[in-house]
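In what follows, every chain begins at residue 1, and chains take the letters A, B, ... in the order their sequences are listed.
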Amino acid sequence: MKSKSILRGKRTHFCGELRKKDVDKEVILFGWVNRIRDIGNLIFIDLRDREGLAQVVISSEQKDLLGKAKNIRMEYVLAVKGVVKPREEGMKNHELATGDIEVLVKEMEVLSQSETLPFVISDPVKATEEMRFKYRYLDLRRPSMQKNIRLRHRAALIVRNFLDKKGFYEIETPFLTKSTPEGARDYLVPSREYKGRFFALPQSPQLFKQIFMISGFDRYFQIVRCFRDEDLRADRQPEFTQIDMEMSFAGQEDVFSVTEEMIVCLFDLIGARLSRPFPRLTYEESMERFGTDRPDLRNRMEIIDLTDTGLRIDSRIIRSVLQSDGVLKGLVVQNGKNLSRSRLDKVEKRARGLGAKGIIWIKKEKQTFTSPLRLKNEDFTQIWEKSKAGEDDLILLVADKKETALRVLGELRTDFFYQEKTDSTDFQFVWITDFPLFEWSEDENKLVSMHHPFTSPKAEDMPELEKEPLKVKADAYDLVVNGVEIGGGSIRIKDRDTQERIFRVLGLDEKEQENKFGFFLKALTYGAPPHGGIALGFDRIVMILAGEESIRDVIPFPKTTSSLCLMTDSPSEVDENRLKEVGIQIIKKNKGGKNDE
RNA sequence: GGGGUCGUAGUUCAGCUUGGUUAGAACGCCGGCCUGUCACGCCGGAGGUCGCGAGUUCGAGUCUCGUCGGCCCCGCCA
């Protein structure tokens, strides 16, 4: 047996950090076998660790080593002791940060072996996302994933250091808490000691952070997990992380200022220089011009209002819409003249899918117009001039209820933009302000909070709260970058009376208020400072910093779009006894899957 | 809950339109050769429940229905 293990020695370097300056040094490296190039009497191994790759060389001058190296396979874990040698010109690998040197092996130990891998660890990845999830530990070995997770760590560190400097305390809040009636579906946790009663995992620490303000901590933040039991998307996971913040004696400007400064620090991580202050749009303006409350301002297209023009032109279809409270909205597609008929059919289909009854396109050739809509030439000309369309452009029109027309054209505006190459180093931030306090839920047939029920109405709208609730604006705001909503917040209600008025408008009777929010209403009566805050989507911010298109690529262990964890195979069934313990009886199983008998 | 799309070797895919020999390729894996490779190269080999279940048919990877799973979107996400 060998007397002494390399492990007795200390690692001297990470593989990825070796450079020319390390030539002639004796080094000890630990790492995974990324690739083997066996030339016969000469073997090259790319050894990989957190920091990168280094080429280690075993030659026939050491017969015993060579024999040992012949048995090495991909992803074996090795300890290597050797000397750093310069590479001759022509043998350098300029693709590799460590490409000027290599390590001539003197001693080598296999610390761990590896079975044949389900997929090769490479960037860009060649495995499907399904495979990557199942073998997440292997997927995470890929340099790009390592980079994303490191970036996430550094972003969190910047947030902590920055907010600490600004006087924020990082304070934790409970995960086992109370189910709330409004908002997203809660994840429920049964109570063993009180059968039939449940904790809920927090959708956000909203009330706790407001209570911190009432408790006098003045400024709070937390990088905190939030849970929402809703369907998923590329930018939505059932558990996600927020940078949650709250400030006392602060108004909107204070929240904007500290948030912007922090965002600037975060984007400095990737060398992006942002200019402040960020532009602002009211909700109303954003909807009118972009058809969405999270506009991508890199996209210069804007929706135009043609309702007045529509009333003047001779079209029964358009007139009938406009006379029943509808609007005529348009979108100019630059150089859209050459869009094929089948492409236009797709646009039409998409518009119908979004709820439009149809869409009208107009093309121009010299002085004549082509369109499925039959109009007099001078009417087409009116529209064309009002739209300020150019010769090679295409005009899209939607005549519908205002909300529908704006939404449809807003989506089409986005579709057209993403078919072009977008500049990934251009970050267009915008604050959306003055959101409505309430919106009408067709589903539940009642008013619901647009933000959340603790949001302060604008002072000047207070008298209208009960009479015209849908016209009341809130001191609420969102932060948007390149069409992604990365945060939202508001100035909060600070007195019990206002809070109760809001609850009443939302249809919560006194008993319900007491039952769900009694503790909070009471807290508001003992000296609540004016306060407000914001919550930023940490995963989304890291996603944008990393240049990824899904937050799954910046979350170590994400769920699939159907809320499954393929690595642990959860959720899974539990023993009958465990269920009994928490007083739960399964009524009916669905999704027969693997867990069923 | 709805729509779209995908599921074939360990992996990534082709084959499916128009049903019909032994289901192919690349990478990986196994064996051999190779002293300057770096996606090493060359030679040879093993490897398939065509996701699962029904149906149509003389015959199904291919057509139909159902189901499970991945991804995208709508609803939903205060």
Identify the pairs formed between an N or O of the protein and an N or O of nucleotides 9-11 of chain B at a distance under 3.5 Å, and give each distance.
unit_1 : atom_1 : unit_2 : atom_2 : d
B/G10  : O2'    : A/P118 : O      : 3.2
B/U11  : O4'    : A/P118 : O      : 2.9

For a quick check of understanding: with a heavy-atom distance under 4.0 Å over all strands, which category does [X] fall into, base, sugar-phosphate or nothing?
X	result
A/D229	nothing
A/S122	nothing
A/F454	nothing
A/L354	nothing
A/E129	sugar-phosphate
A/R87	base

Establish, with yes or no, whether the OP1 or OP2 oxygen of [N] is under 4.0 angstrom from a side-chain nitrogen or oxygen of [X].
X	N	answer
A/R37	B/C34	no
A/R35	B/G28	yes
A/T561	B/C71	yes
A/N93	B/C38	no
A/R132	B/C71	no
A/T560	B/G70	yes

Q: Give me the one residue out of A/Q252, A/K458, A/K473 that meets side chain to side chain donor-acceptor pair (under 3.5 Å) with A/D434.
A: A/K458
Q. A/S550 and A/D553: side-chain donor and acceptor closer than 3.5 Å?
A. no
(Q) Rounding to an integer number of Å, can you tell me how far A/D569 CG sits from B/G69 P? (A) 10 Å
Q: Nearest whole angstrom, please: distance from the P of B/U37 to the CD of A/E95.
A: 15 Å
Whom does [N] pair with, Watson-Crick or G-U wobble, provided both distances fall under 3.5 Å?
N	answer
B/C76	none
B/U64	B/A54
B/A14	none

Q.
I need the full list of ring-ring contact (aromatic ring centres under 6.0 Å, His included) pairs touching residues 474-496 of chain A, with sequence neighbours left out, sorted by first then second residue.
A. A/F256-A/Y477
Q) Nearest to the side chain of A/S562, which nucleotide is it out of B/G75, B/G70, B/C77? A) B/G70
Q. Relative to the ring of A/H452, is the ring of A/F454 parallel (under 30°), tilted (30 to 60°) or perpendicular (over 60°)?
A. tilted
